[in-house]
Novice: 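One structure coming up, written as structure tokens, with questions to follow.
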Amino acid sequence: MFQIDKTLVSLDVLERYFICDLAHCKGACCVEGDSGAPLLKKEIAELQKALPVIWDDLSPKAQEIINKQGVAYIDQEGDIVTSIVDGKDCVFTCYDADGTCKCAIEKAYRAGKLSFYKPVSCHLYPIRVTEYDTFSAVNYNRWKICKAAEILGKKEQVPLYKFLKEPLIRRFGNKWYQSLEEVAREWEKQKNEDNPD
């Protein structure tokens, strides 16, 4: 781990390779897991504002859940997360003809219908940020559904932090990301000096 400002960043963020491979995973990260996607408090209002625009893209079951409990709930760990359908799908999922799970919010954003892209935790995935009293932990949440993304990332030689440049800047700012790049360069240099072959 290394520190940038008030964040502790896992070395996996620098060392692991990653490029989302939607053709293989079919958007499983929006379906699998124990609870919904973590939300910042301010994002709840954005999600509520998006509802009239995306409503018809949501499943009847998702609409029913949103009508009953809203766009978010507090999970077992006390985190605010997106509401989910039958313990699986995020309520904001929609499906392509080939069964690929997509985000209705992102779909509307890309069509120019919304100014909100999607929750930052979704944008950052598979990086997860855990907030503590005095710092934030930035970790790679590694699991089997992203195996194809690791293979593609390694083939193309794209480290996780480069693949997620845009959401990392969105979450932590440009200056923070420049510091991350600097740490990555130093780390690479140090590894090359330790293993000159």
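No hydrogens, no waters, no symmetry mates; every other heavy atom, side chains included, goes into these values. Numbers here are sequence positions counted from 1.
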Novice: Tell me the side chain to side chain donor-acceptor pair (under 3.5 Å) pairs involving residues 179-189, sequence neighbours left out?
Specialist: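 Sorted result for residues 179-189: Glu15-Trp187.
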Novice: What distance separates Leu11 CG from Tyr140 OH, expressed to the nearest 0.5 Å?
Specialist: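 Separation between the atoms: 14.5 Å.
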Novice: Find out whether Ile169 and Trp176 are in side-chain contact, i.e. whether some heavy atom of one side chain is under 4.5 Å from a heavy atom of the other.
Specialist: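 In short, these two side chains do not touch, never coming nearer than 4.5 Å.
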Novice: Find out whether Thr100 and Cys25 are in side-chain contact, i.e. whether some heavy atom of one side chain is under 4.5 Å from a heavy atom of the other.
Specialist: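 A side-chain contact is absent here, since even the closest heavy-atom pair is not under 4.5 Å.
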Novice: Using a cut-off of 6.0 Å, state whether more than 12 heavy atoms not belonging to Glu77 lie near its atom CD.
Specialist: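 Atom CD in Glu77 is not packed in, count stays at 12 or less.
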Novice: According to side chain to side chain donor-acceptor pair (under 3.5 Å), does anything in residues 159-174 pair up with another residue at least two apart or in another chain? List the pairs.
Specialist: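 Qualifying pairs, neighbours excluded: His123-Arg170, Glu131-Arg171.
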Novice: Show which residues join Ile84 in its hydrophobic cluster (side-chain heavy-atom contacts under 4.5 Å, direct or indirect), or state none.
Specialist: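 Same cluster as Ile84: Tyr73, Val81.
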Novice: As an exercise, state the distance from NZ of Lys88 to SG of Cys30, rounded to the nearest 0.5 Å.
Specialist: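 One gets 13.0 Å once the value is rounded to the nearest 0.5 Å.
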Novice: Under the ring-ring contact (aromatic ring centres under 6.0 Å, His included) rule, collect the residues that match up with Phe163, sequence neighbours excluded.
Specialist: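 Phe163: ring-ring contact (aromatic ring centres under 6.0 Å, His included) contacts with Phe18.
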Novice: Search all heavy atoms of Ser10 against all heavy atoms of Met1 and return the closest pair with its distance.
Specialist: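 Heavy atoms only, the tightest pair is N-CE, 3.9 Å.
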Novice: Shared ILVMFWY cluster between Val31 and Val85, side chains joined below 4.5 angstrom?
Specialist: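 Hydrophobic grouping puts Val31 apart from Val85.
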Novice: Report the distance from atom CD1 of Ile19 to atom CD of Glu150, rounding to the nearest 0.5 Å.
Specialist: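 Spacing of CD1 (Ile19) from CD (Glu150) equals 12.0 Å.
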Novice: Decide, yes or no, whether a salt bridge links Asp12 with Arg142 under the criterion of side-chain N to carboxylate O below 4.0 Å.
Specialist: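 Salt bridge absent between Asp12 and Arg142.
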Novice: Which pairs with one or both residues in residues 74-109 pass ring pair (Phe, Tyr, Trp, His ring centres under 6.0 Å), sequence neighbours excluded?
Specialist: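 Matches after skipping sequence neighbours: Tyr109-Tyr117.
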Novice: Verify, without hydrogens or angle tests, whether Asp96 (side chain) and Gly99 (backbone) share a donor-acceptor contact under 3.5 angstrom.
Specialist: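 No, the answer is negative, given that no donor and acceptor are paired below the 3.5 Å cut-off.
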Novice: First locate atom NZ of Lys147, then atom CG of Leu152, and finally report the distance between them rounded to the nearest 0.5 Å.
Specialist: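 CG of Leu152 is found 12.5 Å from NZ of Lys147.
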Novice: Clusters formed by hydrophobic residues whose side-chain heavy atoms approach within less than 4.5 Å: which one holds Tyr17, and what are its other members?
Specialist: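 So far as hydrophobic clustering goes, Tyr17 is joined with none.
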Novice: Given side chains that start at C-beta, do those of Ile80 and Lys41 come closer than 4.5 Å, heavy atoms only?
Specialist: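 Touching, per the 4.5 Å side-chain cut-off.
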Novice: According to salt bridge (Lys or Arg N to Asp or Glu O under 4.0 Å), who are the partners of Lys49, at least two apart in sequence or on a separate chain?
Specialist: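 Lys49 satisfies salt bridge (Lys or Arg N to Asp or Glu O under 4.0 Å) with Glu46 once adjacent residues are dropped.
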Novice: Please report the interatomic distance CG(Leu58) to CG(Leu51), rounded to the nearest 0.5 Å.
Specialist: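 The CG atom of Leu58 sits 7.0 Å away from the CG atom of Leu51.
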Novice: With Lys26, which residues qualify under side chain to side chain donor-acceptor pair (under 3.5 Å), at least two apart?
Specialist: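 Applying side chain to side chain donor-acceptor pair (under 3.5 Å) to Lys26 gives none.
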Novice: Check whether any side-chain heavy atom of Val129 lies under 4.5 Å from a side-chain heavy atom of Leu124, and answer yes or no.
Specialist: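 Side-chain contact under 4.5 Å: yes.
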Novice: Set out, in order, the CA-CA distance, both residues' side-chain angles and the distance that settles side chain to side chain contact (heavy atoms under 4.5 Å, CB included) for Lys6 and Thr134, then state yes or no.
Specialist: CA-CA 7 Å; Lys6 291 186 175 178; Thr134 55; over 6 Å; no
Novice: Starting from the C-alpha separation in whole Å, work towards a yes-or-no answer on salt bridge (Lys or Arg N to Asp or Glu O under 4.0 Å) for Lys102 and Glu106.
Specialist: CA-CA 8 Å; Lys102 301 264 178 87; Glu106 182 179 350; over 6 Å; no
Novice: In terms of hydrophobic clusters joined by side-chain contacts under 4.5 Å, are Leu39 and Phe172 together?
Specialist: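 As far as the 4.5 Å side-chain criterion goes, Phe172 and Leu39 are not connected within one cluster.
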Novice: Same cluster for Val138 and Leu8 if Ile/Leu/Val/Met/Phe/Trp/Tyr side chains link at under 4.5 Å?
Specialist: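 No.
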Novice: Which heavy atom in Cys20 sits nearest to a heavy atom in Ala149, and how many Å separate them?
Specialist: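 Distance-wise, the nearest heavy atoms are CA-CB, 4.0 Å.
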Novice: Do Cys90 and Thr82 touch side chain to side chain, with heavy atoms closer than 4.5 Å?
Specialist: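 The answer is yes, as the side chains (C-beta and beyond) meet within the 4.5 Å cut-off.
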Novice: Quick one: pull up CG in Asp21 and CD in Glu156 and give me the separation to the nearest 0.5 Å.
Specialist: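 With rounding to 0.5 Å, CG (Asp21) is 10.0 Å from CD (Glu156).
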Novice: If you look at every heavy atom in Val9 and Thr7, which pair is closest and at what distance?
Specialist: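 Heavy atoms of Val9 and Thr7 come nearest at CG2-OG1, 3.8 Å.
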Novice: What's the shortest heavy-atom distance between Ser83 and Ile65, and which atoms?
Specialist: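 Smallest interatomic distance, heavy atoms only, reads CB-CG2, 4.0 Å.
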Novice: Mind listing the closest non-hydrogen atom pair of Gly27 and Leu22 along with its distance?
Specialist: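 Closest heavy-atom pair between Gly27 and Leu22: N-CD1, 3.5 Å.
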Novice: Is there a donor-acceptor contact under 3.5 Å from the side chain of Gln157 to the main chain of Lys154?
Specialist: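 Between the backbone of Lys154 and the side chain of Gln157 there is a qualifying donor-acceptor contact (under 3.5 Å).
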Novice: With sequence neighbours excluded, what pairs up with Asp5 under the side chain to side chain donor-acceptor pair (under 3.5 Å) test?
Specialist: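 Here no residue qualifies.
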Novice: Locate the shortest heavy-atom distance separating Arg128 from Ser121; write the atom from each residue and the value.
Specialist: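 Where Arg128 meets Ser121 most closely, the heavy atoms are NH1-O, 3.3 Å.
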Novice: Establish whether Ile44 and Leu40 are linked, either directly or via other cluster members, by ILVMFWY side-chain heavy-atom contacts under 4.5 Å.
Specialist: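 In one cluster with Ile44: Leu40, no.
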Novice: Does Phe135 have any ring-ring contact (aromatic ring centres under 6.0 Å, His included) partners at least two apart in sequence or in another chain, and if so, which?
Specialist: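 Tyr132.
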Novice: For atom CG of Asn67, is the number of surrounding heavy atoms from other residues, nucleotides or ligands below 6.0 Å larger than 12?
Specialist: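 Yes - once you tally the heavy atoms of other residues, nucleotides and ligands closer than 6.0 Å, there are more than 12.
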Novice: Please identify each residue that fulfils salt bridge (Lys or Arg N to Asp or Glu O under 4.0 Å) with Lys68, with sequence neighbours left out.
Specialist: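 Counting only residues at least two positions away or on another chain, Lys68 forms a salt bridge (Lys or Arg N to Asp or Glu O under 4.0 Å) with Glu64.
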Novice: Starting from Ile145, walk the hydrophobic network (Ile, Leu, Val, Met, Phe, Trp, Tyr; side-chain heavy atoms closer than 4.5 Å) and list everyone else you reach, by chain and number.
Specialist: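 Other cluster members: Tyr125, Trp143.
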Novice: Please examine the side chains of Glu43 and Val120, heavy atoms only from C-beta on, and report whether any two atoms are closer than 4.5 Å.
Specialist: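 Heavy-atom side-chain distance check passes, below 4.5 Å.
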Novice: Evaluate Leu14 against Leu180 for side chain to side chain contact (heavy atoms under 4.5 Å, CB included), listing each step before the verdict.
Specialist: CA-CA 9 Å; Leu14 301 184; Leu180 179 67; 3.8 Å; yes
Novice: If we only count heavy atoms from C-beta on, is the Val71 to Val91 side-chain gap below 4.5 Å?
Specialist: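 No - every pair of side-chain heavy atoms lies 4.5 Å or more apart.
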Novice: Any side-chain heavy-atom pair from Ile127 and Asn139 closer than 4.5 angstrom?
Specialist: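 A side-chain contact is absent here, since even the closest heavy-atom pair is not under 4.5 Å.
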Novice: Just by modelled atom types, is the Asp75 backbone N or O under 3.5 Å from a matching donor or acceptor in the Ser35 side chain?
Specialist: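 No: the side chain of Ser35 does not pair with the backbone of Asp75.
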Novice: Between Ile74 and Asp79, is the side chain to side chain contact (heavy atoms under 4.5 Å, CB included) condition met? List the steps.
Specialist: CA-CA 5 Å; Ile74 294 173; Asp79 297 321; over 6 Å; no
